[in-house]
Amino acid sequence: MRSVFSPLAAALAFLLFVGAVSADSPYQFFTWNVTYGTIYPLGVPQMGILINGQFPGPDINSVTNDNLIIDVINSLDEPFLISWNGVQQRRNSYEDGVFGTTCPIPPGQNFTYILQVKDQIGSFFYFPSLAMHKASGGFGGIRIFSRPLIPVPFDDPAGDYTVLIGDWYKANHTALKAVLDGGNMLRSPMGSSSMAVPVALPSTFNKTYRLRISNVGLVNSLNFRIQGHTMVLVEVEGTHTLQTTYSSLDVHVGQSYSVLVTADQPALDYTIVVNSRFTSPVLASTGILRYSNSAGAAPGPLPGGPTVQVDWSLNQARSIRTNLTASGPRPNPQGSYHYGLINTTRTIRLANSAGLVNGKQRYAVNSVSFVAPDTPMKVADYFKINGVFRVGSIQDYPTGGDIYLDTSVMGADYRTFIEIVFENSENIIQSWHLDGYSFFVVGMDGGQWSPASRNGYNLRDAVSGLPELMDSHLHSTG
Ligand SMILES: *[C@@H]1O[C@H](CO)[C@@H](O)[C@H](O)[C@H]1NC(C)=O
Ligand SMILES: *[C@@H]1O[C@H](CO)[C@@H](O)[C@H](O)[C@H]1NC(C)=O
Ligand SMILES: *[C@@H]1O[C@H](CO)[C@@H](O)[C@H](O)[C@H]1NC(C)=O
Ligand SMILES: *[C@@H]1O[C@H](CO)[C@@H](O)[C@H](O)[C@H]1NC(C)=O
Ligand SMILES: *[C@@H]1O[C@H](CO)[C@@H](O)[C@H](O)[C@H]1NC(C)=O
Ligand SMILES: *[C@@H]1O[C@H](CO)[C@@H](O)[C@H](O)[C@H]1NC(C)=O
């Protein structure tokens with residue numbers, strides 16, 4: 001008995017992938033060959049993107065300040081790029097691997113990423129950033145462990161697992177791109193699929209395990225829970241949180257959470273349930289938490305969770321706080337940086353919208369749908385090549401005008417602190433990737449933002465970099 005949910009009849013399924021820890025060192029070298037290959041996430045063969053033959057790609061295990069030298073060989077027949085979600089590019093933002101700023105790796109060529117996880121700890125992931133490749137694979141977990149002498153606010157877990165979850169489309173990335181180019185949205189059902197793969201997380205009685213859960217999907221927020229077990233949240237994207245016990249967690253696209261799970265129940269197989277949030281129909285998938293000496297499937301109903309409730313999600317997100325007295329990457333307390341005392345000098349309001357441009361489905365910010373220039377912007381900036389982009393080609397606030405295509409670039413002053421309000425008046429969840437910046441999510445709510453909303457900001461213990469949650473009635477402020 002694995003699921004109370006019927007097999008998925010609609011487009012999406014959810015995947016649970018699991019990896020385990022290996023070695024670490026101050027300089028690490030990787031050679032990654034990116035190829036197409038056959039994968040079976042829904043039990044039937046389909047085309048996927050593999051890294052060194054693996055789907056999902058290999059986990060990167062590192063320690064604060066490690067240098068990661070990653071030679072990526074593109075053996076696909078189209079350009080490819082990898083983005084290192086959450087790894088701050090203090091040395092060279094050209095290594096970011098984001099569409100439009102850096103050069104794609106041409107087919108048959110390689111590029112060596114030089115990264116340093118400087119002053120970082122925690123759980124992150126990497127993913128391909130071009131051409132919807134992410135829909136076909138090419139992603140994997142990144143772990144940054146604390147240096148040996150830095151206190152970690154919980155005991156060493158008996159095991160450490162990367163659990164990647166995401167919505168999964170039966171169609172490959174090329175076919176999905178064609179859907180958008182045909183003027184349709186991805187949330188429309190894409191055909192039928194069967195249940196996702198059950199994956200076993202091995203565990204031993206009375207031991208505590210760390211699960212690093214990341215949502216690597218394209219669109220949907222997911223709720224994650226384990227039959228008969230609670231989860232103690234300990235870390236969110238490099239911040240040690242107040243340790244709070246949850247029976248289920250909403251994981252939005254791009255988010256990574258570390259939880260501790262103690263195997264303190266009778267030795268059986270427990271079902272991990274993942275379901276989509278804010279969607280109709282609700283789609284679900286399962287995996288397994290399997291005790292080493294399991295006597296079989298655990299009886300009883302599977303744990304229920306929220307489906308369309310927005311307030312539930314907002315309240316949970318607000319409950320996730322920084323542990324101000326715990327150490328971060330350095331021995332000093334995380335609360336020693338008083339972000340709430342810093343005055344901001346500018347307010348930017350960004351509103352997302354969707355619509356057709358020349359018959360193709362496009363998504364816009366303040367009415368501009370971004371077009372990547374032929375010359376990457378970092379290259380144009382470095383070599384002072386004119387005509388590639390114009391600073392100020394997007395407004396600081398929503399204009400309500402029709403969507404148009406442009407290479408939008410907004411200027412900002414070095415070292416300033418800016419308030420950014422994200423406004424979502426669409427009836428679909430929207431997630432933002434603020435690449436390479438430190439930010440604090442100080443507020444989120446329904447209704448229209450106004451300066452009075454500042455009275456409700458958390459200026460004390462917000463989590464740095466927790467991606468925001470939004471839907472039609474919400475705005476969010478970072
Ligand atoms: C990458 O993998 C492909 C398929 O296995 C293989 O043909 C190719 O030689 C590999 N490239 C390198 C540089 O190892
Ligand atoms: C990467 O490209 C460089 C220069 O094009 C080449 O010398 C090198 O052998 C390539 N490395 C791999 C692993 O293919
Ligand atoms: C992706 O799917 C399309 C349509 O099903 C197919 O024609 C194409 O060959 C697939 N792409 C790859 C790289 O397998
Ligand atoms: C399980 O752990 C608890 C708390 O550490 C301990 O009291 C108990 O004896 C353990 N039980 C077994 C069977 O090891
Ligand atoms: C916060 O961190 C401190 C220092 O490690 C620890 O003693 C305390 O238990 C943590 N508090 C919570 C609520 O997690
Ligand atoms: C922020 O502005 C307030 C009011 O103008 C001022 O009193 C305070 O010193 C400023 N804080 C900083 C850190 O500049």
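Order of appearance sets the numbers: ligands from 1, and atoms from 1 within every ligand.
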Examine the side chains of S75 and N33 and answer whether a donor and an acceptor come within less than 3.5 Å of each other. yes
Is it the case that the side chains of E426 and Y363 hold a donor-acceptor pair, with the cut-off being a distance below 3.5 Å and no angle test? no
Looking at Y113 versus F111, is the centre-to-centre ring distance below 6.0 Å? yes
Taking distance alone, with N or O pairs closer than 3.5 Å, would you say N33 contacts ligand 1? yes
Which ligand 6 atoms does N343 reach within 4.0 Å, using its non-hydrogen atoms? 1 (C), 2 (O), 3 (C), 8 (C), 10 (C), 11 (N), 12 (C), 14 (O)
Within a distance of under 4.0 Å, is there any protein heavy atom near atom 9 (O) of ligand 6? no
So if I count the atoms of ligand 2 from 1 in the order they appear, which ones are less than 4.0 Å from some heavy atom of D71? 11 (N), 12 (C), 13 (C)
Verify, without hydrogens or angle tests, whether T322 (side chain) and A462 (backbone) share a donor-acceptor contact under 3.5 angstrom. yes
Heavy-atom protein contact below 4.0 Å for atom 14 (O) of ligand 6: yes
If you count the atoms of ligand 1 from 1 in the order shown, which ones are under 4.0 Å from a heavy atom of I73? 13 (C)
Under 3.5 Å, is there a donor on one side chain and an acceptor on the other for R212 and S123? yes
Is it the side chain, the backbone, both or neither of I342 that has a heavy atom closer than 4.0 Å to ligand 6? neither
Is there a protein heavy atom less than 4.0 Å away from atom 2 (O) of ligand 2? yes
Closest heavy-atom pair, T64 versus Q120, reported as atoms and distance to 0.1 Å, is OG1-O, 2.7 Å
Distance flag, aromatic centroids of Y126 and W32, threshold under 6.0 Å: yes
Between the main-chain N or O of N220 and the side-chain N or O of D167, is there a donor-acceptor pair closer than 3.5 Å? yes
Any idea which atoms of ligand 1 are less than 4.0 Å away from a heavy-atom of T35? 1 (C), 2 (O), 3 (C), 4 (C)
Ligand 1 atoms in contact with S75 (distance to a heavy atom under 4.0 Å): 1 (C)
Return the option from T31, T112, N110 holding the heavy atom at the smallest distance from atom 11 (N) of ligand 2. N110
